[in-house]
Amino acid sequence: MQRRKFLKNSTAATAGLISAPLIAGQTNTSTYQKANNAVAIKPIVICTWNFQKASSKAWEVLKDGGSSLDAVTQGVMVEENDVNNQTVGIGGRPDRDGNVTLDACIMDKDSNCGAVLAMQNIANPILVARKVMEETPHVMLAGKGAEQFAYEMGFKKTNLLTEKSKQEWIEWQKTAHYKPIINIENHDTIGMLAIDANGDISGACTTSGMGYKMAGRVGDSPIIGAGLFIDNEVGGATATGVGEEVVRTVGSFLIVELMRQGKSPQEACKEGVERIMAKNKGRNDFQIGFIAINKAGETGGYCIHPGFTYRSYSEEGHVNNLAKSHIKS
């Protein structure tokens, strides 16, 4: 499609406009060069939080020679389909009006991307986001438009509000108190990054957003550059937590650019969190977690409060990593 050529050219042009003075910090090219000159390409997948089944599914795809795009798609779908996960997909907590609205985005090795925002009645928003990427000239579809597009693509209407989430929403209405709770999964997400045997990187991010949010609220998760960003020459990053704060710093894009300048994934995630804390001038009553991967397969994770973990799966094993935090326990 002409759109693919346009996106590729636009991305390259934009990248050329970004220079070191725009992103503070001293440039050290050693890590970036190491990533680009890596000889052995080894598949790996990482995801936010301890989503063991999701990372296992993605690894199955990778070890069988599948693409990183298919790996992240199938990986995050595990959580979209799990009714016991009340932060993603079917069974997600509704907004304050009782409607479950889902957000998701996906990005591939060629910087193609797709997203759906505030979509109702469709159980697998990541698949719809991928259809937006592959079948339309657009990047984002929202609300009723996204839902209608899903029906046109053959998706079936599904009641996303499970009885458990419905009863909890009814109970919540007695006080209607709204405040995200740190490290309690009423406002969580799954973001996933993968490298395949060809050395290509893709990412996916999907969520039902904050429980009992205002109708129409959209966080960072489906926003390319905020909740997810991939540059196949450098690496990828994704976020979880209070999305408004990630949007303010274009967090995932920032982390990838910091890796381009030579920072390791761990160093880049740490600076991403520190940028957010600097913007909030001492406020720390919220959680943010970033994870990142570079072209060499190095990974990192960092958060505000202790407790955030991220899963990694490679030939070296399947590990739940405790991320370092800005605030110490």
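Position 1 is the first residue of the sequence, and the numbers go up from there.
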Walk me through it: do Val128 and Met119 pass the test side-chain contact (heavy atoms from CB on, under 4.5 Å)? CA-CA 10 Å; Val128 185; Met119 184 176 67; 3.9 Å; yes

Heavy-atom pair with the smallest gap, counting every atom of [X] and [Y]:
X: His326; Y: Val273; answer: CB-CG1, 4.0 Å
X: Ile201; Y: Gly235; answer: CD1-CA, 3.6 Å
X: Ser252; Y: Ala226; answer: OG-O, 2.7 Å
X: Ile41; Y: Asn198; answer: CD1-O, 3.8 Å
X: Tyr302; Y: Ala323; answer: N-CB, 4.0 Å
X: Val76; Y: Met192; answer: CG1-CB, 3.8 Å

Any non-hydrogen side-chain atom of [X] less than 4.5 Å from a side-chain atom of [Y]?
X: Gln266; Y: Lys324; value: yes
X: Asp95; Y: Tyr212; value: no
X: Val88; Y: Thr189; value: no
X: Pro265; Y: Ile293; value: no
X: Leu254; Y: Val250; value: no
X: Ile126; Y: Glu80; value: yes
X: Arg248; Y: Glu245; value: yes
X: Ser68; Y: Lys109; value: no

Indicate whether any N or O donor in one side chain lies under 3.5 Å from an N or O acceptor in the other, for [X] and [Y].
X: Asn121; Y: Thr158; result: no
X: Thr101; Y: Lys213; result: yes
X: Asp110; Y: Asn232; result: no
X: Glu168; Y: Gln86; result: yes
X: Thr73; Y: Arg130; result: yes
X: Thr207; Y: Asp103; result: no
X: Asn50; Y: Arg311; result: yes
X: Trp49; Y: Thr240; result: yes
X: Gln52; Y: Asn320; result: no

Enter the distance from [X]:[atom1] to [Y]:[atom2] here, rounded to the nearest 0.5 Å.
X: Glu134; Y: Ile106; atom1: CD; atom2: CD1; value: 7.5 Å
X: Asp82; Y: Ile90; atom1: CG; atom2: CD1; value: 10.0 Å
X: Met277; Y: Arg275; atom1: CE; atom2: CZ; value: 14.5 Å
X: Ile190; Y: Phe51; atom1: CD1; atom2: CZ; value: 5.0 Å
X: Asn124; Y: Phe155; atom1: CG; atom2: CZ; value: 7.0 Å

Should Leu228 and Leu127 be regarded as members of a common hydrophobic cluster, given that ILVMFWY residues are connected when their side-chain heavy atoms come within less than 4.5 Å of each other, either directly or indirectly? yes

Hey, quick one: are Leu141 and Met153 part of the same hydrophobic cluster, counting side-chain heavy atoms closer than 4.5 Å, chains of contacts allowed?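 The answer is yes; both residues are in one hydrophobic cluster.
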
Heavy atoms of other groups near Gln167 CD, more than 12 under 6.0 Å: yes

Centres of the Phe229 and Phe253 rings: under 6.0 Å?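 Ring centres of Phe253 and Phe229 closer than 6.0 Å.
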
Starting from the C-alpha separation in whole Å, work towards a yes-or-no answer on side-chain contact (heavy atoms from CB on, under 4.5 Å) for Val116 and Met140. CA-CA 6 Å; Val116 290; Met140 296 182 184; over 6 Å; no

If we check side chain to side chain contact (heavy atoms under 4.5 Å, CB included) with His305, which of these qualifies: Ile288, Ile327, Asp285? Ile327

For Val132 and Val139, what are the C-alpha separation, side-chain angles and deciding distance, and is it a side-chain contact (heavy atoms from CB on, under 4.5 Å)? CA-CA 6 Å; Val132 172; Val139 169; 5.8 Å; no

